[in-house]
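Reviewing the structure listed below.
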Amino acid sequence: MIDAKEKAGMEKDISEILFTETMIGERVTRLGMQITRDYAGKAPLLLGVLKGCFVFMADLMRRVGLRCEVRFIAASSYGSGTVSSGGVRFGELSQLDIEGRDVVVVEDIVDSGLTLKRLRDILTEMRPASLRVCALLDKKSRREVEVEIDYIGFECGDVFCVGYGLDCAERYRNLPYIGVLKPEIYI
Ligand code: PRP
């Protein structure tokens with residue numbers, strides 16, 4: 001448990017709250033309803049891209065009223081910096097059996113699009129019955145490659161977002177809202 005002092009310490013590093021806990025809750029509920037409707041009668045596989053997605057996935061999966069399956073794959077592109085390096089790595093892909101499955105990739109944020117583009121290409125080769133993407137945040141202005149996102153939580157500008165799973169050097173993931181990190185913290 002975070003004590004009040006430590007929580008205040010994290011909060012003073014935030015310049016602005018972009019999406020409150022309530023806003024996120026309402027949006028995630030709607031995304032869950034949309035997925036439930038779109039996949040009616042099916043058993044989709046929700047595939048989370050670690051680590052940033054874990055909070056979003058935990059909330060989203062409980063709002064999908066279907067017999068779905070939840071799995072995760074490890075991916076890394078940022079390292080401990082603040083800008084995508086473009087070098088995307090995935091773990092344990094060989095153990096993923098998605099042939100014939102309805103797959104929904106769950107991402108916390110799409111930035112350059114490099115992670116998602118690479119993942120989409122790899123997953124498509126595994127011949128799923130269908131492949132869609134659900135991303136909580138779309139940082140469209142930073143896109144370097146074109147990628148399709150089927151379900152978007154919020155669009156956000158080119159600011160460094162943390163909280164609700166999103167980190168800076170592994171910190172701030174436990175903030176219940178999404179906020180902008182003050183530049184002096186990471187520069
Ligand atoms: C984030 C996010 C995406 C990726 C998006 O992961 O979860 O997977 O970056 O960036 P891109 O569109 O520029 O490729 P990150 O590498 O920060 O790792 P984390 O999820 O473990 O925090």
Side-chain angles (χ1 to χ4, degrees), residues 2 10 13-14 17-19 24 27-28 31-32 35 44-61 70-96 98 103-126 128 131-183 185-187:
I2 329 170
M10 276 199 298
D13 297 345
I14 304 299
I17 294 178
L18 290 179
F19 306 110
I24 295 170
R27 192 69 196 106
V28 175
L31 289 171
I35 292 172
L45 167 63
L46 306 183
L47 181 62
V49 184
L50 292 171
K51 301 181 218 150
C53 79
F54 74 98
V55 180
F56 177 39
M57 175 69 100
D59 286 342
L60 181 69
M61 62 183 254
V70 177
R71 295 189 65 170
F72 294 94
I73 50 163
S76 178
S77 66
Y78 280 41
S80 61
T82 58
V83 178
S84 173
S85 66
V88 188
R89 295 184 301 276
F90 298 103
E92 297 166 26
L93 276 168
S94 56
Q95 289 164 37
L96 259 191
I98 60 163
V103 177
V104 182
V105 171
V106 177
E107 264 287 20
D108 53 338
I109 185 165
V110 180
D111 189 314
S112 68
L114 292 165
T115 305
L116 190 54
K117 169 86 175 70
R118 177 101 187 91
L119 184 61
R120 256 192 182 278
D121 290 348
I122 291 170
L123 296 178
T124 300
E125 277 179 23
M126 296 178 171
L131 180 60
R132 284 185 181 163
V133 174
C134 177
L136 181 66
L137 295 181
D138 183 5
K139 227 190 224 185
K140 232 176 188 165
S141 63
R142 290 189 35 93
R143 206 70 98 246
E144 290 175 30
V145 289
E146 223 176 282
V147 278
E148 203 176 319
I149 310 174
D150 306 276
Y151 305 98
I152 297 172
F154 305 101
E155 285 192 11
C156 71
D158 188 9
V159 285
F160 196 79
C161 304
V162 292
Y164 197 72
L166 291 143
D167 76 313
C168 176
E170 300 301 330
R171 294 189 174 171
Y172 308 100
R173 292 196 200 269
N174 55 330
L175 285 174
Y177 54 79
I178 295 172
V180 180
L181 194 62
K182 291 180 181 169
I185 306 297
Y186 57 86
I187 288 174

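Computation of the quantities below employed the complete heavy-atom set of this structure, encompassing side-chain atoms and omitting hydrogens, waters and symmetry-equivalent molecules. What you see is a predicted model; the values in this text were computed from it and never measured. Atoms within a ligand are numbered from 1 in the order they appear, just like the ligands themselves.
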Residue [X] vicinity, atoms of ligand 1 by number, heavy atom under 4.0 Å:
X: S112; value: 11 (P), 12 (O), 13 (O), 14 (O)
X: G52; value: 19 (P), 20 (O), 21 (O)
X: D167; value: 22 (O)
X: K51; value: 19 (P), 20 (O), 21 (O)
X: L50; value: 20 (O), 21 (O)
X: E107; value: 2 (C), 3 (C), 7 (O), 8 (O)

Quiz item: For G153 and L31, which heavy atoms make the closest approach, and how far apart are they?
Solution: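 G153 and L31 have their closest heavy atoms at CA-CD1, 3.9 Å.
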
Practice problem: Just say parallel, tilted or perpendicular for the rings of F154 and F19, cut-offs at 30° and 60°. | Solution: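 Ring orientation, 0 to 90° scale: parallel.
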
Practice problem: Check whether any heavy atom of L116 sits under 4.0 Å from an atom of ligand 1. | Solution: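 Heavy atoms of L116 never come under 4.0 Å of ligand 1.
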
If you measure every N/O of [X] against every N/O of ligand 1, is any gap under 3.5 Å?
X: A75; result: no
X: E170; result: no
X: I109; result: no

Quiz prompt | Atom pair CE/CG of M57 and L47 - distance to nearest 0.5 Å | solution =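 Going from the CE atom of M57 to the CG atom of L47 covers 7.0 Å.
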
Quiz prompt | Student check: side-chain heavy atoms of V133 and V147 closer than 4.5 Å | solution =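 No. Closest side-chain heavy atoms not under 4.5 Å.
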
Quiz: residues 175-182 side-chain donor-acceptor pairs under 3.5 angstrom, not counting sequence neighbours:
from	atom 1	to	atom 2	distance (Å)
K182	NZ	K12	O	2.7

Quiz prompt | Partner of D111 by salt bridge (Lys or Arg N to Asp or Glu O under 4.0 Å), out of K117, K140, R142 | solution =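 Among the candidates, only R142 passes.
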
Self-check item: Ion pair D138/R143, N-O distance below 4.0 Å
Solution: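 Yes, charged N to carboxylate O under 4.0 Å.
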
For ligand 1, the portion of [X] having any non-hydrogen atom under 4.0 Å away:
X: R142; answer: neither
X: T115; answer: both
X: D108; answer: side chain

Quiz prompt | With Y172 via ring-ring contact (aromatic ring centres under 6.0 Å, His included) - residues at least two apart | solution =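 Partners of Y172 by the ring-ring contact (aromatic ring centres under 6.0 Å, His included) criterion come out as none, since no residue qualifies.
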
Exercise. Scan I122, I73, V103 and name whichever one has a side-chain contact (heavy atoms from CB on, under 4.5 Å) with L96.
Key: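 Filter result, single survivor: I73.
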
